[in-house]
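We number each residue from 1, following the sequence as shown. Since we're looking at a predicted model, the values are computed, not measured.
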Amino acid sequence: MAARQSLGRHIGTVVGNTSPQEFTFFLRQFEAKLGDIVTVSMEVPASEGPAPVIVWGRVVNLERFNPFLPLEAGQELADEGLELVHTVLSTTRDQVQARALVLGYTRPGNLQTLMPLNYPVTPGAEVCLPPADSVQALLTGDEQVNRLRIGTLLGRKDVEVSLKTNAVVARHMAILAMTGGGKTVAARRIIRELLKLRYPLVILDPHGDYLGLWENRAALPTADIKLFYPHIKVRDESRDLIGYLVRQLTQGFTDPQREKYEEAANKVNLSEDGTDVGSFIDAVLAELEPIKSSTRHPGTVPAVMRGLRFVKKQIEAMELSNKRLRQRLPQFPFEEMPDPALEPEKFVRPGQASIVYLGGYDHLTQSTIVALVLKNLFEVRASLKNRIPPLLAVIEEAHNFIPSKGEGQAETPSVEVIRKVITEGRKFGVGLLLISQRPSRLDETTLSQCNTFLIFRLVNPRDQQFVERVMENLSKADANLLPSFGPGQGIVSGQAVRFPLVVQVEYDRDLVSSTIADEDFVAQVSKWENSPEAQTVRQSRAFEEQLEAAEGR
């Protein structure tokens with residue numbers, strides 16, 4: 001019989017019933033933690049007879065109890081207000097029972113090739129805590145591929161955790177967490193690693209969370225950070241865009257109204273680089289004005305004109321809101337967004353992160369912009385003309401762009417585009433990184449196409465249940481960890497790693513914006529009280545009070 005070789009320091013002993021999927025062991029106190037990777041040396045059946053193997057497991061549950069401290073004694077101590085040290089009861093006989101999920105087994109001397117275990121773990125076998133280099137060899141495997149370093153194992157700071165780059169950029173990834181859980185921290189970490197490889201990124205940013213990348217561009221010496229603001233233009237291939245916006249922002253057109261609109265819109269000449277929405281609508285209104293009173297249905301054309309004026313007003317108001325937000329950030333060099341259909345090369349270049357700042361636009365318009373960008377970039381790649389290299393699109397607040405059926409998919413034009421990209425993007429080198437703080441509000445069909453998940457703290461039961469349903473390889477024990485995670489602590493699972501891991505994501509402090517951060521509203525109130533605007537308000541209020549007093553007399 002072959003001799004068994006232990007791997008690592010002895011920390012416990014297997015007890016009870018075991019299976020090829022999991023085992024229980026008594027743990028020496030303070031020798032291991034939840035999430036640690038452990039080993040058991042044993043033998044399995046083989047064609048040449050019993051063969052020595054090293055079984056790898058991950059600790060998913062810990063229970064501590066003292067058999068010499070019965071429940072009745074604990075109640076008596078509580079009732080009498082006594083301390084345990086003042087009794088004859090034992091304080092040193094605590095037992096720690098651990099449960100480990102089996103990850104697979106390796107052969108001695110070959111820690112990279114992990115195979116599924118097909119024989120129960122041996123009761124009474126030693127459980128060991130393997131050294132860092134052995135765990136690192138197991139996590140990395142024998143594949144020589146590019147990897148993205150995201151942090152360390154939660155329980156072992158000496159073991160790095162990295163993701164297979166191609167699994168992230170080609171097979172899509174989702175980062176899910178409640179507010180403050182660490183999703184933006186993780187996204188910045190992945191973005192940083194990809195920019196080191198000069199991989200092209202398009203970041204669709206509703207709130208300016210990623211503007212700090214430009215502010216701290218010195219920390220990204222191989223990257224070119226571009227800041228774009230959206231400016232919708234009408235082109236020949238998108239003449240129906242205005243009609244679509246009218247349908248979404250108003251009650252929409254009836255069939256006769258749509259006929260009159262299309263008749264007028266098709267007469268408008270468009271510039272080669274596109275016509276501004278306001279100018280296009282003005283031109284359509286000019287075409288409609290002469291026939292306003294000549295139609296047999298006098299209400300038709302005026303209704304079309306009212307809808308167009310409303311859309312123009314809404315779009316201009318949102319563009320103004322976005323402009324004002326940008327004016328509050330004068331240090332950032334925003335540029336008008338290039339047309340992704342006509343100028344995709346300005347959007348997608350090796351080493352470039354193109355950040356599209358969507359602040360100031362409402363949900364519908366943001367969704368329309370996201371749809372236009374992704375649709376056109378995907379079509380350029382799918383044309384196989386090689387005009388642009390492969391890319392990864394980062395979609396923050398993804399629940400606003402691919403909502404669930406109960407959250408208004410019909411009013412969200414980006415849903416169908418994202419679905420198409422996530423199902424066909426792998427063939428053409430267009431990947432998606434979806435980021436959301438409300439998983440249960442996401443479209444389940446779309447999210448299930450992601451092949452890698454990084455899940456941080458989730459407390460909402462609906463979000464937890466949704467994640468369990470979408471992630472096929474998330475165990476119940478892992479799901480139970482989600483509410484207890486701290487910032488940056490989470491579970492990574494899927495094709496980018498060999499098996500689910502409990503990780504601590506590295507915090508890139510040097511990429512955090514010093515301008516856009518958690519606002520100190522208390523300080524802002526104090527500052528506002530001494531501002532010229534506050535003085536104007538006080539003077540106006542005093543004047544109104546004088547008028548009221550005069551009228552009262």
Side-chain angles (χ1 to χ4, degrees), residues 34-35 58 60-61 101 154 171-187 190 204-207 209 358 362-364 366-367 370 393-419 421-423 432-497 500-505 518:
L34 205 62
R58 181 164 58 87
V60 295
N61 187 53
L101 292 180
L154 180 58
R171 297 178 178 272
H172 316 299
M173 179 176 180
I175 301 176
L176 309 175
M178 65 181 293
T179 301
K183 59 186 186 301
T184 305
V185 171
I190 292 171
L204 301 157
D205 187 0
H207 303 302
D209 292 331
L358 300 171
D362 67 5
H363 161 68
L364 169 65
Q366 286 189 357
S367 178
V370 168
V394 180
I395 304 180
E396 183 64 76
E397 302 285 348
H399 51 272
N400 290 328
F401 303 107
I402 44 169
S404 62
K405 292 181 179 179
E407 296 284 340
Q409 288 187 351
E411 295 80 28
T412 309
S414 53
V415 171
E416 290 303 319
V417 175
I418 293 176
R419 279 181 178 170
V421 173
I422 210 163
T423 54
L432 294 179
L433 175 59
L434 306 177
I435 306 166
S436 176
Q437 62 193 28
R438 288 306 310 272
S440 61
R441 292 178 55 193
L442 286 162
D443 178 48
E444 185 171 341
T445 303
T446 304
L447 194 66
S448 64
Q449 298 294 317
C450 292
N451 286 283
T452 299
F453 290 87
L454 181 51
I455 314 298
F456 294 98
R457 189 179 185 218
L458 290 174
V459 175
N460 186 296
R462 287 183 59 196
D463 290 337
Q464 294 177 29
Q465 293 166 9
F466 179 84
V467 168
E468 286 184 61
R469 190 165 63 250
V470 171
M471 293 178 61
E472 298 177 353
N473 57 353
L474 183 72
S475 68
K476 186 66 178 177
D478 288 334
N480 291 336
L481 296 175
L482 297 178
S484 60
F485 283 140
Q489 299 173 357
I491 297 173
V492 61
S493 176
Q495 293 188 2
V497 289
L501 298 170
V502 183
V503 300
Q504 175 71 59
V505 174
D518 293 333

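Taking both residues in full, the closest heavy atoms of F485 and G490 are given as CE1-CA, 3.7 Å, listed atom of the first, atom of the second, then distance. A177 approaches F456 most closely through the heavy-atom pair CB-CB, 3.3 Å. Considering every non-hydrogen atom in both V60 and A477, the closest pair reads CB-CB, 3.7 Å. Shortest non-hydrogen contact noted between G35 and V502 is CA-CG2, 4.4 Å.
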For this session: Please assess K405 against E444 for the test salt bridge (Lys or Arg N to Asp or Glu O under 4.0 Å), listing each intermediate value before the final yes or no.
Result: CA-CA 9 Å; K405 292 181 179 179; E444 185 171 341; over 6 Å; no

For this session: Decide yes or no on side-chain contact (heavy atoms from CB on, under 4.5 Å) for V467 and F453, but give the supporting numbers first.
Result: CA-CA 9 Å; V467 168; F453 290 87; over 6 Å; no

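Here the options are V394, I395, I435, the test is side-chain contact (heavy atoms from CB on, under 4.5 Å), and the partner is L204; only I395 passes. Checked options V470, I455, L482, L454; the residue passing with L176 is I455 (criterion: side-chain contact (heavy atoms from CB on, under 4.5 Å)).
Distance alone, capped at 3.5 Å, is enough to place a donor-acceptor pair between the Q464 side chain and the L458 backbone. Counting only distance, with no hydrogens or angles, the side chain of S436 and the backbone of R438 share a donor-acceptor pair below 3.5 Å. Under a 3.5 Å cut-off, the side chain of N451 and the backbone N or O of Q495 do not form any donor-acceptor pair. At least one donor-acceptor pair under 3.5 Å links the side chain of H172 to the backbone N or O of I422. For H363 (side chain) and N400 (main-chain N/O), a donor-acceptor pair under 3.5 Å exists by modelled atom type. Side-chain atoms of Q366 come within 3.5 Å of backbone atoms of L358 as a donor-acceptor pair (strictly under, hydrogens ignored). Checked by atom type and distance alone, the side chain of T452 pairs as donor or acceptor with a backbone atom of A496 at under 3.5 Å. S440 places no side-chain N or O within 3.5 Å of a backbone atom of F466 that could act as its donor or acceptor partner. In terms of modelled atom types and a separation under 3.5 Å, the side chain of T446 and the main chain of R419 share no donor-acceptor contact.
Using a 4.5 Å cut-off on side-chain heavy atoms (C-beta onward), P413 and L364 make contact. The closest side-chain heavy-atom distance from M471 to P500 is not below 4.5 Å. Under the 4.5 Å side-chain criterion, counting only non-hydrogen atoms from C-beta, T423 is in contact with Q449.
Here D463 contributes atom CG and E468 contributes atom CD; the two are 11.5 Å apart, rounded to the nearest 0.5 Å. Here OG of S448 is found 8.0 Å from CG of D443. Values are rounded to the nearest 0.5 Å. In this structure, the separation between CG on D478 and CD1 on I491 is 4.0 Å, given to the nearest 0.5 Å. A distance of 5.0 Å separates CD of Q504 from CD of Q489, quoted to the nearest 0.5 Å. From L434, atom CG reaches atom CD1 of I402 across 4.5 Å, with rounding to the nearest 0.5 Å.
In the displayed structure, R462 atom CZ is contacted under 6.0 Å by at most 12 heavy atoms of other residues, nucleotides or ligands.
Look at D209 and K183 and you find no salt bridge, because none of the NZ, NE, NH1 or NH2 atoms lies under 4.0 Å from a carboxylate O.
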